[in-house]
Amino acid sequence: MTGTPRTLAEELRTRTDRGLVGLLRARPDLLNPVPGDVTQLATRAGTRASVVRAVERLDRFVLQTAEALAVAPDPCPYDTLGALMGGDAGDPAVAAELPRAVAELRAQALVWGPDDRLRLVRTARELLTPSPAHPSPTGLGPTVAEAMAGMSPGRLQEIIAAAGLPTTHDPVTAVAALAGLFTDRVRMAALLDTAPADSVAVLDKLLWGPPYGAVTDRPAPHLQWLLDRGLLIPAGARNVVLPREAALHLRGGRAHHTPEPVPPALSPATERDPQLVDNAAASQAFTALATVEELLKEWDLGGPAVLRAGGMSVRDLKRTATALDTTEQLAAFWLELAYAAGLIASDGEADERFAATPAAEEWLQLPDHERWAALAAGWLAATRAPGVVGTADAKGRALAALGPHLDRSPAPEVRRRALALLAALPPGTAVPASAVLTRLRWERPLRSGAPAAGRLPAGDGATAAPGPDPADDLRSRLAQWALAEADLLGVTGRGALSTHGRTLIDSPSDSAAPTPAETTAAATRAAALLAPLLPEPVDHVLLQADLTAVAPGPLRRPLAEALGVLADIESKGGATVYRFTPGSVRRALDAGRSAAELQEFLAAHSRTPVPQPLAYLIDDVARKHGQLRIGAAAAYVRCDDDALLAEILADRRAAALRLRRLAPTVLAAQTSPDQLLDGLRAMGYAPAAESAAGDVLIARADSYRTPPRTAPAPVPDGPPSPDPTLLSAAVRAIRAGDLAATAERKPVQAPAPAPGALPRTTSAETLATMQAAVLTNSALWIGYVNADGAASQRVIAPVRVEGGFVTAYDHTSDEVRTYPLHRITGVAELADDSV
């Protein structure tokens, strides 16, 4: 096609396949379903939903360029656009970046036409053009022609006369004369030189927007001076507006107060030793693993109940936070992290509660670096945002941890982009979080909640009311949470991205959203770099005389599990401190270990001798353990020492157990065996449960697990990014469909079909034309109705006609296909130069 394109479709038709691939990659919503031809593609690219999505993904300078085009004449020459962006004085930075901005708008089909006739697509112009209901970030108002629409001809003549212009014979020329005055720098400067100082002050207040102001029924003289000369135009009963042409003159031709052609720098930067950063990140990664492991241990026998509306109650979240020795907000993060990795879920029972999944058991057996990889991959792809836990939803209800409505679709993209900005810095370099947030707001100003224009100024003009705090928008909060979570997970250290963190976000594809397989592979590579930095598990402890044991590092799993039963964790850190208590020793005895076995276990795993106080403690608890036997009647207490039973009966603390003597050595209780065990232990005794045969029951730590569960699927933020194969196939289909829709056809004896209608020929004509096309190896245009009744137009090259079928190469689908002749509505030859 030659000449200047008259429509967006015509321009798209002139693009190369690479150009169409770039458009479809940038705007994947255009692919669902694949457009039948270029006209459908252009139509879909101009729909409001698609344009809004495309505009939301523009960076600040490209968006400013589109906003300038929305207030420029349509079509707009490139030089005029440059003047709007750089002003009369020009701006070298703007001039250098403007070609990139225009090219980006072209690539996304938001702007079309040659440089001397740039056109913003109609839907984008409607979105970005200033209006009273939707002010523009430019702060500009309507043009003189728009503002004066409906004004009486007599009033128009009065205004141009007061402005020093000759009267005209019609309103159109009057408006054009006033607009010409406002755009003439010399004449406009001369007019403003005669303005009262108060009038100029009013213009200064409205200059950068909002351009609307309020006046009384009897405006002050300095306001009347502006109204008489059209520098302020009535915009309602008591409102006035500064026309666009006058504002641009006062601004020196600039559409924006501060064009931002260059992204904000990531500064101030602090350089740190990369090895120190990696070590700090590895230390935090180990802490993350220990925290999740402790959470799973806490829920080993089942977690809290699931609320009717889903999620955990506030009380259960507080209990979890206390168990993890952290805040409720951080507890919500650890819960959601384990949930995203598929380690915890709801059990789905009638009395539904949360618990660890079977995958958690497998996770616990993995090496530390592989366990970290599973957490990191789940976190990076998760759309759930723990930071919103505790905030109110649209109905004013608090959002619960592990509950519904926590998904925020932009989270993975924001998370990756925040880390990518850190990755662009030299290794070991840290910047404040505010610098990262500022850059992200520049890259996606609309998605970051750009401040809305303020309300109309009161009186004779005032500055715009401040917009919302940019730090309060969702994208900024997601970025803040992402940076904090990356530090908690050990992706960053001391504010800088670690070496394994760089590998974590490294993807072989150009897509901003890698596939789950790519994310997992990157996490595995990152874990391999993290592995040498994690502390090696140790197989010993140091027993102390104060009934404590110090683990000088992470313990091997069997030792950690056994010691966790025998002692309570008192403090954590680089070295974990365990404390032995009567209760913890009794717990080990309940698990079936004897005093001798416990003594032997400690001696085998301690680098120091077993202290005498600890040996005495174990022997003393073992001597008392099981002296009282509790079984199920409702419940009973059995003891060979009847004096001890008498002591229990006389104890006022036993009143709640409602005990009575059945025999000298047996007490009956009106409570369950478990409650009786707990009650007597609270009184300082060491009872043991027994079976119906009279044997001591061993209380082993049986784990409760949910049925098999999969990790929650992320909620996508729009259509997925298409892969190269799909893009290539889509472009071929669009080209083929365009060929079928636009190819020149030779006339047939039957009446020519209407545009877009299927060709119509008789069966005999169809058969004869097909057979002739086989002999001449020519292409045909056919109408075809499939088995579902869907009609389509196709361009085919027949190869063989037999048995009521035609075998042909289908240009539309780019493959050889066979068609029943009875489903072909008609056929027409193509012009010789069509294919």
Side-chain angles (χ1 to χ4, degrees), residues 1 9-10 12-13 15-17 20-21 24 30-44 722-835:
M1 183 179 296
E10 289 185 3
L12 292 179
R13 202 166 277 124
R15 291 193 182 186
T16 63
D17 287 355
L20 290 181
V21 165
L24 296 176
L30 302 180
L31 273 173
N32 188 23
V34 175
D37 53 39
V38 173
T39 301
Q40 287 187 20
L41 176 62
T43 301
R44 195 175 299 169
D723 57 56
T725 303
L726 175 59
L727 289 172
S728 177
V731 169
R732 287 200 307 270
I734 292 171
R735 293 290 193 201
D738 207 46
L739 175 63
T742 62
E744 183 180 353
R745 291 121 191 174
K746 289 183 178 180
V748 295
Q749 293 183 359
L758 298 179
R760 298 287 178 180
T761 56
T762 65
S763 299
E765 290 172 337
T766 298
L767 180 59
T769 306
M770 289 288 184
Q771 291 171 336
V774 172
L775 296 175
T776 60
N777 195 27
S778 58
L780 299 175
W781 171 57
I782 68 170
Y784 179 72
V785 179
N786 65 15
D788 296 327
S792 61
Q793 304 178 52
R794 298 174 179 274
V795 174
I796 66 172
V799 177
R800 183 173 63 252
V801 180
E802 61 182 11
F805 292 88
V806 56
T807 301
Y809 173 75
D810 189 334
H811 289 271
T812 306
S813 60
D814 195 20
E815 62 181 356
V816 176
R817 301 183 63 177
T818 299
Y819 299 97
L821 285 172
H822 70 275
R823 293 194 178 277
I824 298 177
T825 64
V827 61
E829 297 181 9
L830 300 180
D832 294 337
D833 58 351
S834 296
V835 290

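Residue numbers start at 1 and run along the sequence shown.
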Participant: Whether the side chain of Q40 engages the backbone of G36 through a donor-acceptor N/O pair (distance < 3.5 Å, no angle test) should be reported.
Facilitator: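 It does hold such a pair.
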Participant: Side chains of Y819 and I796, heavy atoms from C-beta outward: is any pair under 4.5 Å?
Facilitator: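 Answer yes - side chains close enough.
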Participant: Search all heavy atoms of A773 against all heavy atoms of P798 and return the closest pair with its distance.
Facilitator: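 Scanning both residues completely, I find the closest heavy atoms to be CB-CG, 3.8 Å.
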Participant: Check V774 against V801 and note the closest heavy-atom contact, atom names and distance.
Facilitator: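 Where V774 meets V801 most closely, the heavy atoms are CG2-CG2, 3.9 Å.
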Participant: Kindly indicate, with the supporting measurements, whether the criterion side-chain contact (heavy atoms from CB on, under 4.5 Å) is fulfilled by V816 and V799.
Facilitator: CA-CA 9 Å; V816 176; V799 177; 5.6 Å; no
Participant: Just jot down the salt bridge (charged side-chain N to carboxylate O under 4.0 Å, His left out) partners of R794, sequence neighbours excluded, or say none.
Facilitator: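 Result, salt bridge (charged side-chain N to carboxylate O under 4.0 Å, His left out) vs R794: D810.
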Participant: Between R800 and T818, is a side-chain hydrogen bond (donor to acceptor under 3.5 Å, both in side chains) present by the stated rule, with each step listed?
Facilitator: CA-CA 9 Å; R800 183 173 63 252; T818 299; 6.0 Å; no
Participant: Filter on side chain to side chain donor-acceptor pair (under 3.5 Å), then keep only pairs touching residues 769-779, sequence neighbours left out; what's left?
Facilitator: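 Counting only pairs at least two positions apart or across chains, the side chain to side chain donor-acceptor pair (under 3.5 Å) contacts touching residues 769-779 are T776-S778.
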Participant: Shortest non-hydrogen contact from T825 to Y784?
Facilitator: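 Of all heavy-atom pairs spanning T825 and Y784, the closest is OG1-N, 4.4 Å.
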Participant: Can you pull out every salt bridge (charged side-chain N to carboxylate O under 4.0 Å, His left out) where at least one residue sits in residues 771-782? Sequence neighbours excluded, please.
Facilitator: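 Found none.
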Participant: What's the shortest heavy-atom distance between N786 and R823, and which atoms?
Facilitator: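 For N786 and R823, the tightest heavy-atom pair comes out as O-NH1, 3.3 Å.
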Participant: Please round to the nearest 0.5 Å and tell me the distance separating atom CE of M770 and atom CD1 of I782.
Facilitator: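 Reported to 0.5 Å precision, the distance equals 5.0 Å.
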Participant: Report yes or no: does T766 contribute a side-chain atom to a donor-acceptor pair with the main-chain N or O of G826 at less than 3.5 Å?
Facilitator: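 It does not hold such a pair.
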Participant: Grab the two heavy atoms, one from R735 and one from T16, that are nearest each other, plus how far apart they are.
Facilitator: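 Smallest heavy-atom distance, with atoms named: NH2-C, 3.4 Å.
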Participant: Which residues satisfy the salt bridge (charged side-chain N to carboxylate O under 4.0 Å, His left out) test with R44, sequence neighbours excluded?
Facilitator: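 Counting only residues at least two positions away or on another chain, R44 forms no salt bridge (charged side-chain N to carboxylate O under 4.0 Å, His left out).
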Participant: Residues in salt bridge (charged side-chain N to carboxylate O under 4.0 Å, His left out) with D723, at least two apart?
Facilitator: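 Expected list: none.
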Participant: Restricting to ring pair (Phe, Tyr, Trp, His ring centres under 6.0 Å), what partner residues turn up for F805, sequence neighbours left out?
Facilitator: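 Result, ring pair (Phe, Tyr, Trp, His ring centres under 6.0 Å) vs F805: none returned.
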Participant: Rounded to the nearest 0.5 Å, how far apart are CD1 of I824 and OG1 of T761?
Facilitator: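 Reported value, rounded in 0.5 Å steps: 8.5 Å.
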Participant: Look up atom CG in L24 and atom CD1 in I734, then write down how far apart they are to the nearest 0.5 Å.
Facilitator: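 Answer rounded to 0.5 Å: 5.0 Å.
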Participant: Answer whether the closest heavy-atom distance between the side chains of L767 and L821 falls below 4.5 Å.
Facilitator: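 Yes, at least one pair of side-chain atoms sits under 4.5 Å.
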Participant: Is it the case that more than 12 heavy atoms not belonging to R817 sit under 6.0 Å from its CZ atom?
Facilitator: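 Check passes, neighbour count above 12.
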Participant: Nearest 0.5 Å, what's the OG1-CG distance between T43 and D37?
Facilitator: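 Result: 8.5 Å between the selected atoms.
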